[in-house]
Amino acid sequence: MNRLPRSRSLFAIAPAFAAFLFMQACGGSDNAVAQEAADPFEGVWEGAVTIRDCTTSAALATFQGSQMFNHGGTMNDTNSSPVSSRGPGWGTWAKSGINYNVKFRFFTYDGAGNVSGVARVARTVTLAAGGTSATGVNTSQFFDLNGTLLRSTCGTDTATRVL
């Protein structure tokens, strides 16, 4: 059997090992990459939402809401409406100047618990100084399962960071 001497085989792998060490020293690992700083909007927010007549701004209803804004621009939403009438919401958020634009949607359900449509919400949020409270304005559109617009609402909200 023809075997390379042990010293010759070590010389053969030495360049590969040296290249590996060089890559690690120069940031070849994901751990060496700097992470983007968190946006002050990221976290969990809770607050009061007031649904208003879009023409007169008269208050029509008030409920509690909770939203989680994730790093990277996604969000999750729920509120104090009965779970039999409204599902959880999912959407996106992005900073725009001094405000944040939020868009999300959720399924709606009829009295029998059947899916009856989809709601689409667009919200503009302004953070207060210090980043622990915020105010927002929103518009909601409610569609049936065929995509026909049933109604639109407007709203305002105040929120506080809880996490």
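Owing to the predicted nature of the structure, the values given are computational and were not obtained by experimental measurement.
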Asks: Would a distance-only check, ignoring hydrogens and angles, find a side-chain to backbone donor-acceptor pair under 3.5 Å from Trp93 to Asn70?
Replies: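 Checked: pair present.
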Asks: Between Ser57 and Arg52, what is the shortest heavy-atom contact and its length?
Replies: O-NH1, 3.0 Å
Asks: Would you find more than 12 non-hydrogen atoms of other residues, nucleotides or ligands less than 6.0 Å from Phe107 atom CZ?
Replies: no
Asks: Mind checking whether Phe106 and Val121 have side chains closer than 4.5 Å, heavy atoms only?
Replies: yes
Asks: Table please: side-chain donor-acceptor pairs of residues 98-105 below 3.5 Å, with sequence neighbours left out.
Replies:
unit_1 : atom_1 : unit_2 : atom_2 : d
Asn99  : OD1    : Thr126 : OG1    : 2.6
Tyr100 : OH     : Asp39  : OD1    : 2.7

Asks: Rounded to the nearest 0.5 Å, what's the gap from CZ on Arg86 to OG on Ser80? Could you check?
Replies: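 The CZ atom of Arg86 sits 9.5 Å away from the OG atom of Ser80.
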Asks: Is there any salt bridge (Lys or Arg N to Asp or Glu O under 4.0 Å) pair reaching into residues 107-128, and which pairs are they, with sequence neighbours excluded?
Replies: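 Only Arg123-Asp157 qualify under salt bridge (Lys or Arg N to Asp or Glu O under 4.0 Å).
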Asks: Does any donor atom in the side chain of Thr108 or Ser116 lie under 3.5 Å from an acceptor atom in the other side chain?
Replies: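 Yes, Ser116 and Thr108 have a side-chain donor paired with an acceptor closer than 3.5 Å.
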Asks: Does a side-chain heavy-atom distance below 4.5 Å link Thr153 with Phe142?
Replies: yes
Asks: For Phe143 and Thr148: C-alpha separation, side-chain torsions, deciding distance, then whether side-chain contact (heavy atoms from CB on, under 4.5 Å) applies.
Replies: CA-CA 5 Å; Phe143 298 87; Thr148 303; over 6 Å; no
Asks: Measure across His71 and Ala37 and return the closest heavy-atom pair with its distance rounded to 0.1 Å.
Replies: CE1-O, 4.1 Å
Asks: Considering non-hydrogen atoms only, spot the tightest contact between Ala48 and Gln64 and give its length.
Replies: CB-NE2, 3.7 Å
Asks: Hey, any chance Leu163 and Trp45 share a hydrophobic cluster, counting ILVMFWY side chains that come within less than 4.5 Å of each other, even indirectly?
Replies: no
Asks: Working to the nearest 0.5 Å, report the span between CD1 of Ile51 and OG of Ser140.
Replies: 5.5 Å
Asks: Is a donor from one side chain sitting under 3.5 angstrom from an acceptor on the other, for Asn79 and Ser81?
Replies: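 Yes.
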Asks: Do Asp77 and Ser66 have side chains that approach each other closer than 4.5 Å (heavy atoms only, starting at C-beta)?
Replies: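 They are not in contact (no side-chain heavy atoms under 4.5 Å apart), so the answer is no.
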Asks: Using the rule that Ile, Leu, Val, Met, Phe, Trp and Tyr join whenever any side-chain heavy atoms are under 4.5 Å apart, tell me whether Val49 and Met75 fall into a single cluster.
Replies: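 Not linked; separate clusters.
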Asks: Measure across Cys54 and Ser152 and return the closest heavy-atom pair with its distance rounded to 0.1 Å.
Replies: SG-O, 4.4 Å
Asks: Please check this pair: side chain of Asp53 against backbone of Thr55, looking for a donor-acceptor N/O pair closer than 3.5 Å.
Replies: yes
Asks: Between Thr156 and Asn138, which heavy-atom pair has the shortest distance, and what is it?
Replies: N-ND2, 4.1 Å
Asks: I want to check something: taking the side chain as every heavy atom from C-beta on, are Leu145 and Val115 in contact at a cut-off of under 4.5 Å?
Replies: yes
Asks: Tell me whether Tyr109 is reachable from Val118 by hopping between hydrophobic residues (I, L, V, M, F, W, Y) whose side-chain heavy atoms are closer than 4.5 Å.
Replies: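 Yes, it is one cluster - the side chains of Val118 and Tyr109 are joined through contacts under 4.5 Å.
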